Amino acid sequence: MNDQPPTPDFSTAPALRTFAMPADTNANGDIFGGWVLSQMDLAGAAKAVRRARGKVATVGIEAMKFYRPVAVGDELNCYTEILAVGRTSLRVRIDTWVRRGATGEAVHVTEGVFTYVAIGEDGRPRPVEAE
Ligand SMILES: CCCCCCCCCCCCCCCC(=O)SCCNC(=O)CCNC(=O)[C@H](O)C(C)(C)COP(=O)(O)OP(=O)(O)OC[C@H]1O[C@@H](n2cnc3c(N)ncnc32)[C@H](O)[C@@H]1OP(=O)(O)O
């Protein structure tokens, strides 16, 4: 079930905004779920990098839901929110909305919770500093 959040204010910048192009389609003619997932990962990583003040790696994806297909030409917007910060990990909720066509119809297409781990130069977990 789509526990749909309120429609975002598209005049405020999302964590990531891009356009779905023909090269990103699957055999059905819709946009590949993997492409959408990858945009979400980038958006969540950008949020986590800033909070962790350095490199992060994705370690888990939970509660991932694809509600509606994404179409060629859709404007994809990923909104992010940090749900929790652990010793070295951060859980980030990511909601994806598209704006479609000339009317700009807003559609909530995916949501998921991504876990990132702050890593040091050695690639091992490092503590996330308190804010
Ligand atoms: C400055 C501004 C610039 C902005 C600029 C923005 C740029 C924005 C673009 C960035 C773009 C890059 C984003 C790359 C995103 C990828 O694509 S990363 C590539 C895919 N991921 C990987 O290859 C990671 C592979 N895994 C690993 O290397 C190791 O698992 C890690 C990450 C080093 C962690 O090592 P580990 O031994 O598993 O760590 P461990 O101590 O057991 O656990 C560490 C923490 O993770 C948690 N954890 C571990 N596994 C899991 C799991 N499966 N689920 C949930 N939690 C878990 C643990 O509970 C623990 O949490 P804390 O209690 O410390 O908070």
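Every value quoted in this text rests on a predicted model; they were computed, and no experiment measured them. Remember, it's 1-based here, ligands and their atoms both numbered in the order they're listed. In what follows, residues are counted from 1 in the order of the sequence shown.
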Where on [X] is there a heavy atom closer than 4.0 Å to ligand 1, on the side chain, on the backbone, on both, or on neither?
X: Arg50; value: side chain
X: Asp41; value: side chain
X: Thr88; value: both

Distance-only N or O hit between ligand 1 and Thr115, under 3.5 Å:
no

Can you tell me the protein heavy atom closest to [atom] and the distance?
atom: atom 7 (C) of ligand 1; value: Ala46 CA, 4.5 Å
atom: atom 20 (C) of ligand 1; value: Thr58 O, 3.9 Å
atom: atom 10 (C) of ligand 1; value: Ala45 CB, 4.0 Å
atom: atom 34 (C) of ligand 1; value: Pro125 CG, 3.8 Å
atom: atom 5 (C) of ligand 1; value: Val49 CG1, 4.3 Å
atom: atom 30 (O) of ligand 1; value: Val59 CG1, 3.8 Å
atom: atom 59 (O) of ligand 1; value: Ser89 OG, 4.9 Å
atom: atom 28 (O) of ligand 1; value: Gly123 O, 4.7 Å

Under a 4.0 Å threshold between the charged nitrogen and the carboxylate oxygen, would Glu131 count as salt-bridged to Arg51?
yes

Return yes when at least one protein heavy atom is under 4.0 Å from [atom], and no when none is.
atom: atom 51 (C) of ligand 1; result: yes
atom: atom 55 (C) of ligand 1; result: yes
atom: atom 1 (C) of ligand 1; result: yes
atom: atom 44 (C) of ligand 1; result: yes
atom: atom 38 (O) of ligand 1; result: no
atom: atom 64 (O) of ligand 1; result: yes

If I take atom CG from residue Asp41 and atom OG1 from residue Thr58, how far apart are they, to the nearest 0.5 angstrom?
3.5 Å

Inter-residue atom distance Arg126.CZ - Glu121.CD, 0.5 Å rounding
9.0 Å

Which pair of non-hydrogen atoms, one from Thr115 and one from Ser89, has the smallest distance, and what is that distance?
CG2-CB, 4.1 Å

Scanning both residues in full, the closest heavy-atom pair of Asp95 with Pro5 reads OD1-CG, 3.7 Å

Among the clusters formed by ILVMFWY side chains lying less than 4.5 Å apart, do Val107 and Phe32 turn up in the same one?
yes

Could you pull out, from Val85, Val117, Val128, the option with a heavy atom nearest to atom 46 (O) of ligand 1?
Val117

Using the side-chain contact (heavy atoms from CB on, under 4.5 Å) definition, which of the options Glu111, Glu81, Met40 pairs with Ile94?
Met40

Using a 4.0 Å cutoff against the non-hydrogen atoms of Gly86, which atoms of ligand 1 qualify?
65 (O)

With side chains defined as the heavy atoms from C-beta onward, is the minimum distance between [X] and [Y] less than 4.5 Å?
X: Thr80; Y: Arg93; answer: no
X: Arg91; Y: Phe114; answer: no
X: Thr110; Y: Met64; answer: yes

Just by modelled atom types, is the Leu76 backbone N or O under 3.5 Å from a matching donor or acceptor in the Asp74 side chain?
no

Please verify the inter-ring angle class for Trp97 with His108; under 30° counts as parallel, over 60° as perpendicular, anything in between as tilted.
tilted

